[in-house]
Amino acid sequence: MYDIKALYEASSVEEAVALLTAHPQAIIIAGGSDVLVKMREGALAGAELVSIYMIDALRGVSMDEDGTIRIGSLTSFSHLEKDPIINACIPVLGEAAGTVGSPQIRAIGTIGGNSCNGVTSADTASTLQALDAVVELTGPEGVRTVSIRDFYIKAKVVDIRPGELQTAILIPEDSYKNCFGHYIKYAMRNALDIATTGCSVNVRLSGDKKTFDRVRAGFGVTAPVPMRAAKAEAFINGKAVTAANIRAFAREILSDITPRDSWRASKEFREHAACVMAERALKKSVLMAGGTIDEETV
């Protein structure tokens, strides 16, 4: 069923780096929810695999002294849904993780795998964009970090150098403190389906709750890679919390996104969906942040 040339099992990050360096064509496998499907389809016939599944140091969520939330790359989606730090500080990420596949997939699939496969439909990717996440990578030359916005190079290609593996995803304190977010996934089914379009909004309001201090909007399946709506963000930041501004923000999304036609949805449908989702997600985030929206102007 699976045409595997060799399987190497690493018990530490250092051993994984050594194996990847010794076998430069090898593919990293963790939960296997992506890799094994590709192998079964024949796309990776004769591949060498380096398993990192036994590296327990890469599992779990913790908080550094400076408030940075560290998420080990082997942390499963089901763990993210239930983790107390995630639920207390960035519940929107647990919300996004809860939309992945099925309970079985969420139990085995990892946030590292979800980001490293490079696909634009990854359910946690748009939320990580909105949270200004930082990717930690460990390789032969040591540890380096890269912004999640720069991590995605092009469709299914990410910034991982030879011998490297992703070891953590970092959320700086400034990206979540006093911030509230909401993720919306549109798909043909409520489970066991990839996103037709995904939108994640992260909001911080002014002290009096009347002004958008900072808004971030991440999207999936609206470009070749997960992306941030930078122009729409620049438009709304600093403006009053009004329904008219929220609607205008949603329209401005069209200046950022570049969706395509596919058998799942047309370009025009994805554009419409992205605008509707952005408006709904921003409204929801405002209410979560304790703000109010004048319904008479909606």
Side-chain angles (χ1 to χ4, degrees), residues 30-38 61 69 71-83 86-87 89-133 135 148-149 151-152 155-156 158 166 168-171 175-176 180-202 216-229 253 257 259-260 262 264-265 270 273-274 276-278 280-281 284-285:
S33 55
D34 286 322
V35 172
L36 291 180
V37 171
K38 292 177 182 177
V61 180
I69 295 175
I71 306 170
S73 292
L74 286 184
T75 304
S76 69
F77 300 118
S78 57
H79 184 131
L80 286 173
E81 286 185 272
K82 301 172 184 177
D83 186 83
I86 296 296
N87 287 327
C89 300
I90 44 175
V92 63
L93 184 57
E95 179 183 330
T99 69
V100 175
S102 66
Q104 295 91 336
I105 293 173
R106 292 194 291 273
I108 196 70
T110 64
I111 191 169
N114 203 224
S115 56
C116 288
N117 64 18
V119 298
T120 185
S121 59
D123 286 305
T124 58
S126 53
T127 296
L128 293 176
Q129 291 280 335
L131 286 167
D132 261 348
V135 178
I148 193 76
R149 299 178 73 177
F151 183 61
Y152 292 94
K156 299 182 180 180
V158 294
Q166 186 196 106
I169 291 175
L170 312 174
I171 312 294
S175 294
Y176 67 84
F180 298 84
H182 184 56
Y183 173 69
I184 301 175
K185 172 181 180 177
Y186 176 81
M188 298 300 290
R189 299 177 302 201
N190 291 330
L192 288 170
D193 202 358
I194 65 173
T196 300
T197 307
C199 171
S200 189
V201 170
N202 184 273
R216 296 191 182 114
F219 285 87
V221 209
T222 56
V225 297
M227 56 160 290
R228 281 268 297 280
I253 293 296
I257 63 176
R260 64 182 178 89
S262 77
R264 290 183 179 274
R270 285 194 169 101
V276 172
M277 294 161 74
R280 291 179 181 177
K284 175 72 171 180
S285 298

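As the structure is a prediction and not an experimental result, all values here were calculated from the model.
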Original post:
Would you find a donor on one side and an acceptor on the other, under 3.5 Å apart, between the side chain of S73 and the backbone of A168?
Top reply: yes
Original post:
Out of T124, D123, N202, which residue meets the side chain to side chain contact (heavy atoms under 4.5 Å, CB included) rule with Y183?
Top reply: D123
**OP:** Look up atom CE in M277 and atom OG1 in T197, then write down how far apart they are to the nearest 0.5 Å.
**Re:** 5.5 Å
Original post:
To the nearest 0.5 Å, what is the distance between OG (S33) and CG (N117)?
Top reply: 8.5 Å
Subject >> Taking every non-hydrogen atom, the tightest pair across I86 and G94 >> reply: CG2-N, 3.7 Å
**OP:** Using a strict 4.0 Å threshold on nitrogen-to-oxygen distance, state whether D193 and K185 make a salt bridge.
**Re:** no
**OP:** Rounded to the nearest 0.5 Å, what's the gap from CD1 on I253 to SG on C199? Could you check?
**Re:** 6.5 Å
Subject >> Sidechain-backbone polar pair: S115 side chain, I111 backbone, donor-acceptor under 3.5 Å >> reply: yes
Subject >> R280, CZ atom: more than 12 neighbouring heavy atoms under 6.0 Å >> reply: no
**OP:** Over all heavy atoms of both residues, which pair between A187 and A195 is shortest? Give the atoms and the distance, please.
**Re:** CB-CA, 4.4 Å
Original post:
Can you name the closest pair of heavy atoms from G113 and T110 and give their distance?
Top reply: N-OG1, 3.0 Å
Original post:
When you look at N114 and D34, which way does the side-chain contact (heavy atoms from CB on, under 4.5 Å) test go after all the steps?
Top reply: CA-CA 9 Å; N114 203 224; D34 286 322; 5.6 Å; no
**OP:** Give a yes or no on whether the backbone of A265 and the side-chain of R270 come within a donor-acceptor separation of less than 3.5 Å.
**Re:** yes
Subject >> Distance in Å, Y186 OH paired with T196 OG1, rounded so as to fall on 0.5 Å steps >> reply: 6.0 Å
**OP:** Check side chain to side chain donor-acceptor pair (under 3.5 Å) between N87 and all other residues, then give those that pass, not counting sequence neighbours.
**Re:** none
Original post:
If you round to the nearest 0.5 Å, how far is CZ of R216 from OG of S126?
Top reply: 14.0 Å
Subject >> Residue pair I171, L128: steps toward the side-chain contact (heavy atoms from CB on, under 4.5 Å) verdict >> reply: CA-CA 8 Å; I171 312 294; L128 293 176; 4.1 Å; yes
Subject >> Verdict with reasoning, F151 to C116, per side-chain contact (heavy atoms from CB on, under 4.5 Å) >> reply: CA-CA 9 Å; F151 183 61; C116 288; 4.1 Å; yes
Subject >> Test log, rule side-chain contact (heavy atoms from CB on, under 4.5 Å), inputs I71 and L93 >> reply: CA-CA 11 Å; I71 306 170; L93 184 57; 3.5 Å; yes
Would you tabulate the side-chain donor-acceptor contacts of residues 217-227 under 3.5 Å, counting partners in other chains and residues two or more places apart, or write 'none'?
none

Original post:
What are the two closest heavy atoms between L74 and A30, and how far apart are they?
Top reply: CD2-CB, 3.5 Å
Original post:
Would you say the side chain of T127 lies within less than 4.5 Å of the side chain of I90, judging by non-hydrogen atoms?
Top reply: no
Original post:
Taking all atoms of both residues into account, what is the closest heavy-atom pair of Y152 and G118, and its distance?
Top reply: CE2-CA, 3.9 Å
Subject >> Atom pair OG/CG of S200 and L131 - distance to nearest 0.5 Å >> reply: 6.5 Å
Original post:
Is the backbone N or O of I194 less than 3.5 Å from a side-chain atom of S121, with the two atoms forming a donor-acceptor pair by type?
Top reply: no
Subject >> Exam field: side chain R228 to backbone Q129, donor-acceptor pair closer than 3.5 Å >> reply: yes
